Number of protein chains: 2
Amino acid sequence: MNLSTSEENYIKSIYHLQLVSNIVNTNSLAKELNTKAASVTDMLKKLKTKKLIQYERYYGFKLNDKGIQTALIIIRRHRLWEVFLVSKLGFDWDKVHIIAEDLEHVSSMELIKKLDTYLGRPKIDPHGDPIPDVNGRLPVIKQMNLFKLPLKKTGVVSSVGNQSPQMLEMLKHYGIGIGSQIKINKVFDFDKSIEIKLLKQPACIISEPVAKNIFVYDE
Amino acid sequence: MNLSTSEENYIKSIYHLQLVSNIVNTNSLAKELNTKAASVTDMLKKLKTKKLIQYERYYGFKLNDKGIQTALIIIRRHRLWEVFLVSKLGFDWDKVHIIAEDLEHVSSMELIKKLDTYLGRPKIDPHGDPIPDVNGRLPVIKQMNLFKLPLKKTGVVSSVGNQSPQMLEMLKHYGIGIGSQIKINKVFDFDKSIEIKLLKQPACIISEPVAKNIFVYDE
DNA sequence: TAAAATTTTTAGGTTTGTCTAAATTTATTT
DNA sequence: AAATAAATTTAGACAAACCTAAAAATTTTA
Ligand SMILES: [Mn+2]
Ligand SMILES: [Mn+2]
Ligand SMILES: [Mn+2]
Ligand SMILES: [Mn+2]
């Protein structure tokens, strides 16, 4: 298909937005991409002629099957590079997204195939997000919000909702990462902050907004 | 400085051309970059305003110190990625140039620093070309043309002049690579082709154009 | 040295991706 | 149901990186 960096970024952003809202609107995409609504409209026309989106003016838009397939290929590249940056180069998880944002646009098939093999065909990226396979299939990861974890029951951190550098830096500070074993000691009614206990660490308290973005699976 | 991919490609090409000819002319750069002379002139104006080249119209041009420094940073990224592709991902040496041509434009300093460390601070790339250090200093590699190697004396292949995929594929076929131990058995007067002997391989004959592009050091 | 050939630059366009400001359309209030 | 507000699109520009064709400068040849 041969897409520009800009087209790829639009497709990826539409994909992420339509996971939440089913139909995507111009303003939210503009905000997501740090651009203006008028620019978005221009690009929507182009993506429509390339038959990657469903789009009727004033009615919103979303990726069609071909568009979703394309998005998953780009997401696969992004997440494989993130694994590389963390597991091979030793980057912290809060530093890799920006770099992967560039690397994901290098489109050699052979490169991604060999990178995947080299990394040991990882199923999740450093933030716990699933890596689409070569055919764009996403492994389903069974997980729940930390708030759903019964008191005193141990869960394993599986992914993070908000992945801003600010959030990730904070979790790093708390010592919370993918794979961390976590237990809820107590929920405080006042502000819904919770006291948690991690292995080999003293108990600590995290706020509701933080807790809401942590996902776990049990045992 | 923040340069576009296109600007970086121009700078790198000027660098390579001025190694040979000292002063570079519009047409040769256009040919090198598979573009037109008019496009080159446009870019030269831009590079001049960015103070990266010395350029007087109709008189040719070359990189100034700042331009050379910039070129060496890009070449460093290119060659480090080539090392990665060959030594970590298992690519053949004739397949890595095109991919590195894209990867070299990902400009995170931290990335290149960590990649360098990860690769063990290599001094040469898979084609035997020296990798500039962080400060843009090039290690000097003492070598000579294969034709200068005395008969029956063993040399070690250190680099290749023509690095087109066609040439590299051919050398791969002959089993000639960087580090190969090579001896000249005989030079044929007729066409200056030479019979060579590599370790653990039967003797074979290579043409003059091929031999002229092979460089060795003795011992 | 004058004509011819070559090289380089300029003039004027195109495409991609962006923008601001104005016009439309749709949604929300009175 | 108007009026108002919000969202979206269009109109018109702009910068980057290209292009072709024509003009200008330089070099070569006769
Ligand atoms: Mn990106
Ligand atoms: Mn991620
Ligand atoms: Mn390049
Ligand atoms: Mn190389």
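These numbers were taken from a predicted model, which means no experiment stands behind them. All chains are named by letter (A, B, ...) in the order of the sequence lines, taking the proteins before the strands, and each is independently numbered beginning at 1.
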Separation of C:dT16 atom C1' from A:L44 atom CG, nearest Å, is 15 Å
Of the candidates C:dT18, C:dA11, D:dT10, the side chain of A:A38 sits closest to D:dT10
In whole angstroms, the gap separating C1' of D:dA15 from NZ of B:K50 amounts to 12 Å
Taken to the nearest whole Å, CD1/B:I23 to P/C:dT7 is 17 Å
Notebook entry, point to check: How is A:S39 classified with respect to the nucleic acid when contacts are heavy atoms under 4.0 Å: base, sugar-phosphate, or nothing?
Noted result: base
Side chain A:Q18, main chain A:L63, donor-acceptor under 3.5 Å
yes
Residues in residues 3-13 of chain B with a heavy atom under 4.0 Å of DNA chain C, by number, are none
Hey, does B:N25 reach any base, or is it just sugar-phosphate, or nothing, if we go heavy atoms under 4.0 Å?
sugar-phosphate
Rounded to whole Å, CG of A:L29 lies from P of D:dA7 at a distance of 15 Å
From the candidates D:dT9, C:dT18, C:dT9, the one with an atom nearest any side-chain atom of A:T35 is C:dT18
Separation of D:dT26 atom C1' from B:F61 atom CZ, nearest Å, is 16 Å
Correct closest heavy-atom pair for B:Y174 and B:I205 would be OH-O, 2.9 Å
Subject >> Within 6.0 Å of NZ in A:K172, more than 12 heavy atoms from elsewhere >> reply: yes
The nucleotide from D:dC19, D:dA7, D:dT10 with an atom nearest the side chain of A:N27 is D:dA7
Would you say A:K36 places a side-chain N or O within less than 4.0 Å of OP1 or OP2 belonging to C:dA21?
no
Does A:R57 place a side-chain N or O at less than 4.0 Å from the phosphate oxygens OP1/OP2 of C:dT24?
-> no
ask   = Without hydrogens or angle criteria, can the side chains of B:H105 and B:N9 be said to hold a donor-acceptor pair below 3.5 Å?
value = yes
Salt bridge (Lys or Arg N to Asp or Glu O under 4.0 Å) test vs A:R77 passes for just one of A:E104, A:E8, A:E82, namely A:E8
A:D42 CG to C:dT15 C1', in whole Å, measures 13 Å
**Asked** Near A:N135 CG, under 6.0 Å, is it more than 12 heavy atoms from other residues, nucleotides or ligands?
**Response** yes
Checklist entry - Going by atom types alone, do B:E169 and B:H173 pair a side-chain donor with an acceptor below 3.5 Å? => result no
Atom CE of A:M43 and atom P of D:dT9 are separated, to the nearest Å, by 14 Å
Closest to the side chain of A:T41, out of C:dT26, D:dT8, D:dT26, is D:dT8
Side-chain contact check for B:Y58: nearest option of D:dC18, D:dA25, D:dA11 is D:dA25
*Assign the ring pair B:H78 / B:H97 to parallel, tilted or perpendicular, where the plane angle (0 to 90°) is split at 30° and 60°.*
tilted
message: What contact category does B:Y55 fall into here, base, sugar-phosphate, or nothing, at under 4.0 angstrom with non-hydrogen atoms?
response: sugar-phosphate
Taken to the nearest whole Å, NZ/B:K45 to P/C:dT8 is 14 Å
